[in-house]
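Okay, so here's the structure we're looking at.
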Amino acid sequence: MRTLISRRRIATRIRTLARDIEHDYKGRRIHLIGVLKGACIFLSDLVRELDGPVSIDFMAVASYGKGKESSGQVRLLKDLDSSIEGRDIILVEDILDTGLTLDYLCRVLRQRRPNTLKIAVLLDKPSRRQVEGIQADYVGFEIPNEFVVGYGLDFGDMYRNLRDVCVLSAPVEH
Ligand code: IMP
């Protein structure tokens, strides 16, 4: 296990992201939608840095099996509790990798006619993208093609509790 992004850098970057978001929304109410389970820690830290009116909801999807490779299919496991019609939405995800998950979620959410829909991710692996045209409006860190765990990210549902974003030492097959 090797630390890629320390807890200090994460905290500093999230404060900056929150200021960027506040600047863009200028006091309008923001509805954050976290993608379970990976985004729960990022969302928890981000929402506490935001001043002004914010509400939160969660969706759960399954896109990865127990390993490091995407199944390529996204399934909705838990839907939102409330309507997003006419609201200003920021979809909060742990990592933008192939883009399949966020592409699927954005298509689902756009059908529900939000006023605006933006994406915030802690991590972005641009070299892995499979879906063209999907990009995040707020990115914590761009990272190389390495499988990372910690700060919400898992391997086989483990390591989410690590405070730093770390690289698993075993080589990645993708
Ligand atoms: P995408 O659909 O390929 O963009 O992948 C999105 C999901 O894949 C994320 O929400 C993560 O759950 C998972 N994922 C992608 N890369 C990693 C990684 O390096 N570590 C842990 N999970 C990852």
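For ligands, and for the atoms within them, numbers begin at 1 and follow the listed sequence. Since the model is a prediction, treat every value here as computed from it, not as a measurement.
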Taking 4.0 Å as the limit for heavy-atom contacts, which would you say applies to Glu93 with ligand 1: side chain only, backbone only, both, or neither?
side chain
Quick check: Gly99 and ligand 1, any N/O pair under 3.5 Å apart?
yes
Proximity flag Gly38 to ligand 1, non-hydrogen atoms under 4.0 Å
no
Please determine whether a side-chain nitrogen of the Lys or Arg among Arg113 and Glu85 lies less than 4.0 Å from a carboxylate oxygen of the Asp or Glu.
yes
Report the part of Lys125 in contact with ligand 1, treating N, CA, C, O as backbone and CB onward as side chain, heavy atoms under 4.0 Å; options are side chain, backbone, both, neither.
side chain
Atoms of ligand 1 less than 4.0 Å from Thr98 heavy atoms?
1 (P), 2 (O), 3 (O), 4 (O)
Verify whether one side chain among Ser55 and Arg29 offers a donor that lies under 3.5 Å from an acceptor in the other.
yes
Residue portion contacting ligand 1 (non-hydrogen atoms closer than 4.0 Å) for Val148:
both
Would Asp103 count as a contact of ligand 1 if the rule is a heavy atom under 4.0 Å away?
no
Does one side chain, of Asp88 or Thr116, offer a donor that lies under 3.5 Å from an acceptor on the other?
yes
Mark yes when over 12 heavy atoms from residues, nucleotides or ligands other than Arg7 sit less than 6.0 Å from its CZ; otherwise mark no.
yes
With a 4.0 Å cut-off on heavy atoms, is Gln130 touching ligand 1?
no
Under 4.0 Å to a heavy atom of Leu153 - the qualifying atoms of ligand 1, by number:
20 (N), 21 (C), 22 (N)
Asn161 and Tyr151 side chains, donor-acceptor separation under 3.5 Å:
no
Can you list the atoms of ligand 1 that are under 4.0 Å from a heavy atom of Asp94?
9 (C), 10 (O), 11 (C), 12 (O)
With a cut-off of 4.0 Å, which atoms of ligand 1 are near a heavy atom of Glu146?
19 (O)
With the threshold set at 4.0 Å, does a side-chain nitrogen-carboxylate oxygen contact exist between Arg128 and Glu146?
no
For the pair Asp45 and Arg15, find out whether any cationic side-chain nitrogen is under 4.0 Å from an anionic carboxylate oxygen.
no
Using a 6.0 Å cut-off, check whether atom CZ of Arg163 has over 12 heavy atoms from anything other than its own residue.
no
What do the steps show when you test Cys166 against Val148 for side chain to side chain contact (heavy atoms under 4.5 Å, CB included), and what is the final call?
CA-CA 5 Å; Cys166 301; Val148 290; over 6 Å; no
Is there a nitrogen or oxygen of Leu96 sitting under 3.5 Å from a nitrogen or oxygen of ligand 1?
no
Numbered atoms and elements of ligand 1 in range of Asp97, under 4.0 angstrom, heavy atoms:
1 (P), 3 (O), 4 (O), 5 (O), 15 (C), 16 (N)
Using a cut-off of 6.0 Å, state whether more than 12 heavy atoms not belonging to Gln135 lie near its atom CD.
no
Would you mind telling me if ligand 1 is within reach of the side chain of Asp154, the backbone, both or neither, using heavy atoms under 4.0 Å?
backbone
Check contact between Val149 and ligand 1, using heavy atoms of the residue and a distance below 4.0 angstrom.
no
Which ligand 1 atoms, with their elements, are less than 4.0 angstrom from a heavy-atom of Thr101?
1 (P), 2 (O), 5 (O), 6 (C)
